[in-house]
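Given the structure is predicted, the values throughout are model-derived calculations rather than measurements.
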Amino acid sequence: MNTKIIIMANNKGGVGKTSSVAAIGDVLARKLGRKVLLIDADPQGNLSRRFGYSVSAPVDTTLEVFLQSEYDARKSGQPNSFSPSLFFNEATLKKPHSEVVSKYENLRIICSTPELQSVYETFHNDTNRAGSIIRRFMFNLKSSGVFDYVIIDTSPSLSYVLGQFLIGSDYLMVPLPPSEDAMDGAERVLNAFNLAADDKQDYEYKELRFLGFFFCNIAEKGIADRIYRQNRGEYWEEDTFFESTVPKSTAVLNAENRGAPVTSVFPSSPASWGYQKLAREIETRIREFEEGVRS
Ligand SMILES: Nc1ncnc2c1ncn2[C@@H]1O[C@H](COP(=O)(O)OP(=O)(O)O)[C@@H](O)[C@H]1O
Ligand SMILES: [Mg+2]
């Protein structure tokens, strides 16, 4: 299987991006046996914490370390050094990464800390170098074929950097709790997606596609139908929504407090059932795209 890069984005915070990346990654790796790399591209580091990392127990495999060292190398005219296969080799991983490696056998994570913010600021001021570094980083991940899935958790801000991550991805997924704010946030990400999808044709070998919306943190039945009927424009068709939905469930917050994906610590909670269905549906949908059955 060739590597699929999925980016999870919504320009609104608190919609369920991080909880979803953690749970979907966990199901794909532990239940379905896929090799998964999660990338915490949000300087808040919430995804990293969801796998037991904290600022007080830093690791050397952080996104800011990768990006900064690539940037320094580029400035001094040296070639790119990131090696995805080295990254997957546990011998090269330090604690507490090794603890995650034993708990989540097929799953790796590139963590972030608040310092990522300053690397992003450097990149904003030097978009010439930054764009090619991010795109190359993702190109290397994809072409190495080490992972079946790479899933990127993003911060809610729409920035140049997010645009580059979009260009480097294959599929965009948008979590949608039933609120107007979340829908506006989704709409803004889709605008960025359209720009990135156009740009991508200039750089890469494949398309960036919209994998779909999924409802999460749903408290009330019938909300989904109401949103379909609103029909806000391009992409807001019933067909682009995943069938699986993730109900509101206290297990998600409890799992967050335990520093774990909900599917790992509360596997029989309603939210976990939703994520298990969703992960399978993601695989089916990607297959449909690749086979040309879906466009
Ligand atoms: N299905 C759910 N049920 C209950 N709470 C949820 C659910 N999904 C997310 N949450 C809660 O909503 C908050 C925001 O979720 P998070 O995944 O961090 O969103 P984002 O990454 O988009 O900011 C968290 O406190 C999380 O526990
Ligand atoms: Mg988040």
Enumerate, atom names and distances included, each donor-acceptor pair closer than 3.5 Å involving a side-chain atom of residues 18-27, sequence neighbours excluded.
unit_1	atom_1	unit_2	atom_2	d
T18	OG1	D153	OD2	2.7
S19	OG	R50	NH1	3.2
S20	OG	G16	O	2.6
S20	OG	Y275	OH	2.8
D26	OD1	R30	NE	2.6
D26	OD2	R30	NH2	2.8
D26	OD2	T263	OG1	2.7
D26	OD2	S264	N	3.3

key: pair T3-L141: side-chain heavy atoms closer than 4.5 Å   = no
note = The side chain to side chain contact (heavy atoms under 4.5 Å, CB included) partners of S169 (sequence neighbours excluded) come to I5, I7, M138, I152, L208
query = Excluding sequence neighbours, so at least two apart, what forms side-chain hydrogen bond (donor to acceptor under 3.5 Å, both in side chains) with N194?
reply = Y235
remark   = For R129, the salt bridge (charged side-chain N to carboxylate O under 4.0 Å, His left out) test, sequence neighbours excluded, returns D126
R285 side chain vs L211 backbone, donor-acceptor pair below 3.5 Å = yes
message = Can you list everything that forms a side chain to side chain contact (heavy atoms under 4.5 Å, CB included) with D198? Sequence neighbours excluded, please.
response = none
message = List the residues meeting salt bridge (charged side-chain N to carboxylate O under 4.0 Å, His left out) with E234, not counting sequence neighbours, and say none if there are none.
response = none
Results of ring-ring contact (aromatic ring centres under 6.0 Å, His included) for Y171 - residues two or more places apart only = F289
task = Identify, with sequence neighbours excluded, every residue that meets side chain to side chain contact (heavy atoms under 4.5 Å, CB included) alongside N191.
result = none
inquiry  = Using a 3.5 Å distance criterion without hydrogens, assess whether the side chain of S157 forms a donor-acceptor pair with backbone atoms of S159.
reply    = no
key: Beyond-backbone contact of W273 with S268, side-chain heavy atoms, under 4.5 angstrom   = yes
ask   = What distance do F147 atom CZ and K35 atom NZ have between them, rounded to the nearest 0.5 Å?
value = 8.5 Å
Full working for side chain to side chain contact (heavy atoms under 4.5 Å, CB included) between D170 and I286 = CA-CA 10 Å; D170 300 312; I286 287 178; over 6 Å; no
ask   = Distance from F210 atom CZ to S295 atom OG, nearest 0.5 Å?
value = 14.0 Å
ask   = Of all residues at least two apart in sequence or in a different chain, which pass the side-chain hydrogen bond (donor to acceptor under 3.5 Å, both in side chains) check with D72?
value = Q68
side-chain hydrogen bond (donor to acceptor under 3.5 Å, both in side chains) against R258, all qualifying residues, sequence neighbours excluded = none
request  = Look at the side chain of N10 and the backbone N and O of P175, then say whether any donor-acceptor pair between them is shorter than 3.5 Å.
outcome  = yes
ask   = Of all residues at least two apart in sequence or in a different chain, which pass the side-chain hydrogen bond (donor to acceptor under 3.5 Å, both in side chains) check with D184?
value = R232
inquiry  = Is the shortest side-chain heavy-atom distance between Y160 and F123 below 4.5 Å?
reply    = no
query = What is the distance from atom CG of L176 to atom SG of C216, rounded to the nearest 0.5 Å?
reply = 7.5 Å
key: Minimum side-chain heavy-atom gap R135-Q164 below 4.5 Å   = yes
Flag for K142-N140: side-chain donor and acceptor within less than 3.5 Å = no
task = Begin with the C-alpha distance, continue with both residues' side-chain angles, and end with the deciding distance and a verdict on side chain to side chain contact (heavy atoms under 4.5 Å, CB included) for F137 and I39.
result = CA-CA 12 Å; F137 167 59; I39 299 180; 4.1 Å; yes
message = Any non-hydrogen side-chain atom of D148 less than 4.5 Å from a side-chain atom of L32?
response = no
note = From the list F242, F193, W236, ring-ring contact (aromatic ring centres under 6.0 Å, His included) with F213 holds only for W236
message = Taking side chain to side chain contact (heavy atoms under 4.5 Å, CB included) as the definition, give me every residue that meets it alongside E64, ordered by chain and number, with sequence neighbours left out.
response = T62, S112, T113, E115, L116, V119
key: R74 side chain reached by S132 side chain, heavy atoms, under 4.5 Å   = yes
inquiry  = I'd like to know if R136 and E70 make a salt bridge, using a cut-off of under 4.0 Å between side-chain N and carboxylate O.
reply    = no
query = Are F51 and P261 side-chain neighbours, meaning at least one heavy-atom pair lies under 4.5 Å?
reply = yes
task = For the residue pair F266 and V252, establish whether any side-chain heavy-atom pair is separated by less than 4.5 Å.
result = no
message = Around atom CD of E290, are there more than 12 heavy atoms from other residues, nucleotides or ligands closer than 6.0 Å?
response = yes
